[in-house]
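So the structure is just underneath, and the comments pick up after that.
Every value quoted in this text rests on a predicted model; they were computed, and no experiment measured them. Heads up: numbering here begins at 1 and tracks the sequence.
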Amino acid sequence: MQSSSYYRMALILGLLSAIGPFAIDMYLPALPAIGSALGAEVGAVQFSLTAFFLSLGVGQLLYGPVSDMVGRKPPLYFGLGLFVVASVGCALASDIQTLVAFRFLQGLGAAAGMAIPRAVVRDLHTGTEAARLMSLLMLVFSVSPILAPLAGSGVIALAGWRGVFWAVALAAVAGLALVGATLRETRPPEQRVESSVGGALRAYRLLLGDWHYLGLVGIGSCALAGFFVFLAGSPFVLINHYGLTPTQYSLAFSFNAVAFIGASQFTATLGRRFGLAPMVKVAATASGSTIALLLAYYLFGGDALWVLIALNFIASAFMGLVIPTVSVLALEEHGPIAGTASALMGTLQMLVGALAMAVVGLFANGQPLPMVVGMALGSFSSVALTWLTLVRSTGGSRPHALRT
């Protein structure tokens, strides 16, 4: 792939992947205001976030196999269209139950943009070149945590929290135009001949029996679960506990995203020099150690905002090396069923994250400690799975990928 086409593909896939996260990150500064406007408790407002993650995960199970059977573009059209309709429903919601229902549908639509771009990467590349393209995709994708909260706080100031949903609806309309005008089909008809519903079920059975694949997915899932706990709890902790304004919160939240973005751009370079698996082991362990320091600080009575932001910044930087790389490694040997493998990976990531948010939400009290404990459990689980899965830099005999 020529350099210009390489970067253009990364930009397109990154923007499509970012539509769903934009619907999360723009929404975060509005959570306290939504609770006040709809007369809902903290837990109920947080459940609107959990519902989005649940459907974002489950929906990928459908989009992945369908994209193997009919190509990558048709499911993108459907998912983005559903996202637009659901976003309008969220904007018009008059109670928390209606908002939760439309957030669930919104997540189902956004799932297409999460599952399919990873499959496109695997259609085009493997190895360090795939890691390079995935990291570029993550560069565009990761702009969301920087720009979206800032954009969200600006939209909220001008149009209230409902304006956020009108804004993401327009973004999805732009995504539809982008798919139609610029994205080429990377799953040609001759590669779909053997794809079927039965083949998809056999592919899922193969993947669920592949412990190496599941271990790699688990590494990323647990790491993301810690981030999702921070994502759900930070608006209440930083705004209500530490007294930040929505704009200040957006800046604080964005600061950690900068670390993730910057570090992720070194995945291909470090992977070529040291190997992808050794890099993951070192980075995951360093991230877990940093979160352990943060947990110890709060357990011993600390309560300074700068410590939370600084240590989370460091942990996020190391996670920027881990998450794109384990995604590449998980899909490496499953090229013929890349859509299905990507879908299952995305589903497990979202479901683990939703479960973590729901459990920590039971103990949420607006204080930092429950959030930090949840972040630590996710990070420690990721480290444990890293060393169990990547005990050697190269695995033993692996199951052959199944054609569907």
*asked:* Within a 6.0 Å radius of atom CZ on Phe380, are there more than 12 heavy atoms belonging to other residues, nucleotides or ligands?
replied: yes
_With heavy-atom distances below 4.5 Å as the criterion, would you say the side chains of Leu92 and Trp166 are in contact?_
yes
*Pairwise distance CG(Leu244) to CG(Leu251) - rounded to 0.5 angstrom*: 9.5 Å
*Below 4.5 Å, heavy atoms only, C-beta onward: do Val168 and Val84 meet side chain to side chain?*
no
*Hey, is the main chain of Ala315 close enough, under 3.5 Å, to the side chain of Thr290 for a donor-acceptor pair?*
no
*So which pairs with a foot in residues 293-317 pass ring-ring contact (aromatic ring centres under 6.0 Å, His included), sequence neighbours left out?*
Phe255-Phe313
*Please tell me if the side chains of Phe165 and Val88 come closer than 4.5 Å, counting only heavy atoms from C-beta onward.*
no
*Gln248 versus Leu238: any side-chain heavy-atom pair under 4.5 Å?*
no
_Residue pair Thr389 / Trp211, side-chain donor-acceptor N/O under 3.5 Å_ = no
*Tell me, do Phe363 and Leu369 make a side-chain contact under 4.5 Å, heavy atoms counted?*
no
*Given Leu49 and Met357, is the side-chain contact (heavy atoms from CB on, under 4.5 Å) satisfied, shown in steps?*
CA-CA 9 Å; Leu49 192 58; Met357 287 191 297; 4.2 Å; yes
*Judged by atom type as modelled, is there a donor-acceptor pair below 3.5 Å linking the side chain of Thr325 to the main-chain atoms of Leu276?*
no
*Quick one: closest heavy-atom pair of Gly59 and Leu108, and the distance?*
CA-CD2, 3.9 Å
*So, the side chain of Ser55 versus the backbone of Phe52: is there a donor-acceptor pair under 3.5 Å, distance only?*
yes
*Closest heavy-atom contact between Ala51 and Phe104?*
O-CD1, 3.6 Å
*asked:* Using side-chain heavy atoms (C-beta onward) and a distance below 4.5 Å, is Tyr204 in contact with Leu61?
replied: yes
*asked:* Tell me whether the count of non-hydrogen atoms from other residues, nucleotides or ligands lying under 6.0 Å of CZ in Phe236 goes above 12.
replied: yes
*Kindly assign one of parallel, tilted or perpendicular to the pair Phe227 and Phe230, based on the angle between their ring planes and the thresholds 30° and 60°.*
tilted
*Please test Val322 against Ile219 for side-chain contact (heavy atoms from CB on, under 4.5 Å), starting from the C-alpha separation and ending with a verdict.*
CA-CA 8 Å; Val322 172; Ile219 295 168; 3.9 Å; yes
*asked:* Run Thr50 and Phe47 through side-chain contact (heavy atoms from CB on, under 4.5 Å) and show every step you take.
replied: CA-CA 5 Å; Thr50 302; Phe47 189 69; 4.1 Å; yes
*Atom CZ of Arg103 and atom OG of Ser48: how far apart are they, to the nearest 0.5 Å?*
6.0 Å
*Between the main-chain N or O of Met345 and the side-chain N or O of Tyr213, is there a donor-acceptor pair closer than 3.5 Å?*
yes
*Evaluation steps, side-chain contact (heavy atoms from CB on, under 4.5 Å), between Val360 and Met375*: CA-CA 9 Å; Val360 175; Met375 293 165 61; over 6 Å; no
*Could you grab the distance from atom CD1 of Ile291 to atom CG of Leu377, nearest 0.5 Å is fine?*
11.0 Å
*Nearest heavy-atom pair of Ala341 and Leu207: which atoms, and what distance?*
CA-CD1, 3.6 Å
*How long is the span from the CG atom in Leu208 to the CG atom in Leu344, to the nearest 0.5 Å?*
5.5 Å
_Heavy-atom pair with the smallest gap, counting every atom of Leu16 and Gly175_ = CD2-O, 4.0 Å
*Answer yes if the side chains of Ser67 and Arg72 hold a donor-acceptor pair under 3.5 Å, and no otherwise.*
yes
_Main chain of Asn312, side chain of Ser316: is a donor-acceptor contact present, judged purely on distance under 3.5 Å?_
yes
*When you measure from the side chain of Lys281 to the backbone N and O of Trp387, does any donor-acceptor pair fall under 3.5 Å?*
no
*Modelled atom types, side-chain donor and acceptor of Ser87 and Gln106, under 3.5 Å*: yes
*Side chain to side chain, Gln97 and Val100, heavy atoms closer than 4.5 Å*: no
*Atom CE in Met279, atom CG in Leu329: separation rounded to 0.5 Å?*
8.0 Å
*Where do Ala263 and Ala317 come nearest, in terms of heavy atoms and distance?*
CB-O, 2.9 Å
*Heavy atoms only: give me the nearest Ala112-Pro117 pair and the separation to one decimal.*
O-CD, 3.7 Å
_Separation of Phe228 CZ from Ser221 OG (nearest 0.5 Å)_ = 9.0 Å
*Considering only heavy atoms from C-beta outward, does the side chain of Met371 approach that of Leu308 to under 4.5 Å?*
yes
